[in-house]
Amino acid sequence: MTIKPEITSQLQKIVGKERVLTSKEDLIAYSYDSTTILSHLPDIIVFPTTTEQVSSILKLANDNLIPVTPRGGGTNVSGGSIPIKGGVVLCTTKMNRIREISKGNLTAIVEPGVVLQDFNVALAKESLFYPPDPQSFLGCTLGGTVAENAGGPYGVKYGVTKQYLLGMEVVLATGEVVKLGGVTVKNRTGYELMMLFAGSEGTLGVITQITLKVLPMPLARRSMLTVFGSMVAAGQAVSNILAKGILPAKIEFLDNWFLKRIEELSPMGLPVDAGALLLLQSDGNPAAVEDEINQICTICLECGAKETKVAQNDAEAEKLWEARRAGFAAIYSAAPTILSEDITVPRDKIALFMDRIDEVSRKYELPIRVLGHAGDGNLHPAIPTDIRDHVHFGKATNAMDELFEAALSFGGVLSGEHGIGLEKKRLLKKAMDPTAIELMKKIKAVLDPNHILNPGKIWED
């Protein structure tokens, strides 16, 4: 659509001329996220700095039926922040203040544009810790992590973003400002309306303030790697570790291709002949951590691990996790187009799903690379392809669809942390009860009656 000059003028009055962008170069910069195949130009970009400004922007947009796409750091990989209907990109990165860190109450109050890494640095000064740790932590914003209900490696032990939400302030499509929750750990006051916005992908409101639960920093941490001959053996080791009642802080998975590719791009001394690698971390009381690491080593060896190696200091541990963080750079530089998904299966079905990945790879004669958060069953299969090669891209899409269907047959889900966005909305009917989808649509209609907020996402029009 085209934004009328008088609308542009009103937006400039609300946030200031310097915080309204309309040049072609700026529109292109805000037309895509971290996917490799999706983009769409907005008509205008605005950067509010206060809740009042967000309210005025949304009221103006709602009155004039202008689509609004909320956006943080733009690091999401499901197309969630792509302005597919044009209109306004409402970017919250200027709302980036940490308002309060309370060590006594173990809480923090932040604005949505605070970058996760900046938050972690501020907490570390108080010996505090915020577990949700998506691998985009250097650029993602806290508002975005709430809107996507982000997870990460710590999900196996500490859970995901929604477990740390205590309160929030959110602006609805009509411009109304709503305060939900509070600052207490226990709060049974009416419906849990706040949780509607965790994972809502910007379709229900714009979050302008967040109250989060934080934790004391663990007294000790130990990291280790285990080398396996196959993906299936590594998957079975994960199931066996959990079945023994051991809950590490992290259990991450890398297949052979990732090991070779990471070593090629940035030599780290990784075992490139391994079929698969597990990276694990244990944290807590020092004595308990040592005992847990020893038990994990024993279980992995019983599952056929070729080698186990425990990091002897923080520098060695950081090197291991640097390898894991290099995973996405490794795959996204491997081909013009990458189909990378985040499929989650029950943790006792990981080995079965690994086996199914092998079957699908052979069936379509396509390499399927795998890394992910094995400890919570959240894997990221990736297929290098080229969207310009219609035959190859079609095969890759069909192969990925078979993996989705396999995951659903195992009791899994379409997305563990990336969201539905644009990429997976065509599959939603296979994954959710039709009545549940209709309930979501009714909730959307109540909170956003004119459907201006992030239109075109989650379900098909």
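Numbering of residues begins at 1 and proceeds along the displayed sequence. Only heavy atoms go into these numbers, but all of them, side chains included; no hydrogens, no water, no symmetry mates.
- Counting heavy atoms from C-beta outward, I82 and S31 have side chains that stay 4.5 Å or more apart.
- Considering every non-hydrogen atom in both A198 and L165, the closest pair reads CB-CD1, 3.7 Å.
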- Apply salt bridge (Lys or Arg N to Asp or Glu O under 4.0 Å) to the pair K424 and D342, showing each step before the final yes or no. CA-CA 11 Å; K424 288 181 268 197; D342 99 293; 3.1 Å; yes

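- Looking at T208 and E169, their side chains do bring a donor and an acceptor atom within 3.5 Å of each other.
- Without hydrogens or angle criteria, D33 side chain to T75 main chain gives no donor-acceptor distance under 3.5 Å.
- A salt bridge does not link E176 with K59: none of the charged nitrogens is closer than 4.0 Å to a carboxylate oxygen.
- T161 contributes a side-chain N or O that, together with a main-chain N or O of A150, makes up a donor-acceptor pair within less than 3.5 Å.
- No more than 12 heavy atoms of other residues, nucleotides or ligands lie within 6.0 Å of OH in Y32, so this atom counts as exposed by the packing criterion.
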- Task: Show the numbers, then the answer: is there a salt bridge (Lys or Arg N to Asp or Glu O under 4.0 Å) between D314 and K319?
- Result: CA-CA 9 Å; D314 290 343; K319 194 172 183 179; over 6 Å; no

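- The main-chain N or O of A243 is never found under 3.5 Å from a side-chain atom of N240 such that the two would form a donor-acceptor pair.
- When the shell of 6.0 Å around NZ of K179 is examined, it contains 12 or fewer heavy atoms from other residues, nucleotides or ligands.
- Taking CE of M231 as the start and CG of L254 as the end, the distance is 12.0 Å to the nearest 0.5 Å.
- We find that K244 and E292 are not joined by a salt bridge, their nearest charged nitrogen and carboxylate oxygen being 4.0 Å or further apart.
- At a cut-off of 3.5 Å, with distance as the only test, a side-chain donor of T49 or Q53 sits close to an acceptor on the other residue.
- A cation-pi geometry, defined here as NZ or CZ lying under 6.0 Å from the six-membered ring centre and within 45° of its normal, holds between K250 and W321.
- Smallest separation of non-hydrogen atoms from R356 and F410: NH2-CZ, 3.9 Å.
- Between the side chain of N149 and the backbone N or O of K162, at least one donor-acceptor pair lies under 3.5 Å.
- Between R324 and H373 the shortest side-chain heavy-atom distance falls below 4.5 Å.
- At least one side-chain heavy atom of F137 sits under 4.5 Å from a side-chain heavy atom of R325.
- R71 is not listed as a side-chain neighbour of L90, based on a closest heavy-atom distance of 4.5 Å or more.
- How far CG of D283 is from CE of M217: 10.5 Å, rounded to the nearest 0.5 Å.
- Note that CD1 of I210 and CE of M194 are 11.0 Å apart. Values are rounded to the nearest 0.5 Å.
- A donor-acceptor pair is defined here as one N or O able to donate and one able to accept, closer than 3.5 Å; no such pair exists between the side chain of T92 and the backbone of M95.
- Minimum heavy-atom separation, N96 to E111: N-OE1, 3.1 Å.
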- Query: Which is it for L379 and T344 under the side-chain contact (heavy atoms from CB on, under 4.5 Å) test, yes or no, and what are the steps along the way?
  - Reply: CA-CA 6 Å; L379 300 175; T344 302; over 6 Å; no

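- Rounding to the nearest 0.5 Å gives a distance of 9.5 Å between CG of N76 and OG1 of T141.
- A parallel orientation is assigned to the rings of H418 and H380, their planes being inclined by less than 30° (bins at 30° and 60°).
- A donor-acceptor contact shorter than 3.5 Å is absent between the side chain of E148 and the backbone of V146.
- With values rounded to the nearest 0.5 angstrom, N450 atom CG is found 9.5 Å from T174 atom OG1.
- Salt-bridge check for K457 with E201: failed, with every basic side-chain N at 4.0 Å or more from each acidic carboxylate O.
- At least one side-chain heavy atom of I357 sits under 4.5 Å from a side-chain heavy atom of V370.
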- Query: When you look at L116 and L138, which way does the side-chain contact (heavy atoms from CB on, under 4.5 Å) test go after all the steps?
  - Reply: CA-CA 7 Å; L116 178 55; L138 291 174; over 6 Å; no

- Task: List the steps, then state whether salt bridge (Lys or Arg N to Asp or Glu O under 4.0 Å) holds for K309 with E316.
- Result: CA-CA 10 Å; K309 181 180 179 181; E316 286 188 15; 5.3 Å; no

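- Other residues, nucleotides and ligands place more than 12 heavy atoms under 6.0 Å from the NZ atom of K157.
- In this structure a side-chain-to-backbone donor-acceptor pair under 3.5 Å is present from E417 to G152.
- Side-chain atoms of K103 come within 3.5 Å of backbone atoms of E126 as a donor-acceptor pair (strictly under, hydrogens ignored).
- Across L172, N454, L196, V170, a single residue satisfies side chain to side chain contact (heavy atoms under 4.5 Å, CB included) together with L204, and that is L196.
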- Go through the steps for R222 and Q281 under the test side-chain hydrogen bond (donor to acceptor under 3.5 Å, both in side chains), then give the verdict. CA-CA 6 Å; R222 294 296 300 275; Q281 183 183 96; over 6 Å; no

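- Between L142 and P112, every side-chain heavy-atom pair lies at or beyond the 4.5 Å cut-off.
- The cationic atom of K213 (NZ for Lys, CZ for Arg) lies less than 6.0 Å from the six-membered ring centre of Y164 and within 45° of the ring axis.
- We find the CD1-SG distance between I45 and C91 to be 8.5 Å, quoted to the nearest 0.5 Å.
- Ion pairing of R97 with D118 is absent here, as no side-chain N (NZ or NE/NH1/NH2) approaches a carboxylate O to less than 4.0 Å.
- The side-chain heavy atoms of L128 and L215, taken from C-beta on, include no pair separated by under 4.5 Å.
- No donor-acceptor pair closer than 3.5 Å links the side chain of D348 to the backbone N or O of S239.
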- Item | Step-by-step side-chain contact (heavy atoms from CB on, under 4.5 Å) determination, N120 to Y130 | CA-CA 7 Å; N120 287 330; Y130 179 66; 4.2 Å; yes

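- Geometric assessment of R369 against the ring of F253 yields a negative cation-pi assignment under the 6.0 Å and 45° thresholds.
- When side chains are defined from C-beta on, D43 does not count as touching I66, because their heavy atoms never get closer than 4.5 Å.
- Contact detail for Q312 and V310: the closest heavy-atom pair is NE2-O, 2.8 Å.
- Counting all heavy atoms, side chain and backbone alike, A311 lies closest to L320 at CB-CD1, 4.3 Å.
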- Query: Would I57 and V15 count as a side-chain contact (heavy atoms from CB on, under 4.5 Å) if you check the C-alpha gap in whole Å, the side-chain angles of each, and the deciding distance to 0.1 Å?
  - Reply: CA-CA 9 Å; I57 292 166; V15 300; 3.9 Å; yes

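- The minimum heavy-atom distance between A61 and V68, with the atom names listed, is CB-CG2, 3.4 Å.
- Here the side chain of K17 pairs no donor or acceptor atom with the backbone of S9 at under 3.5 angstrom.
- With no hydrogens or angles considered, no side-chain donor-acceptor pair links E290 and N294 at under 3.5 Å.
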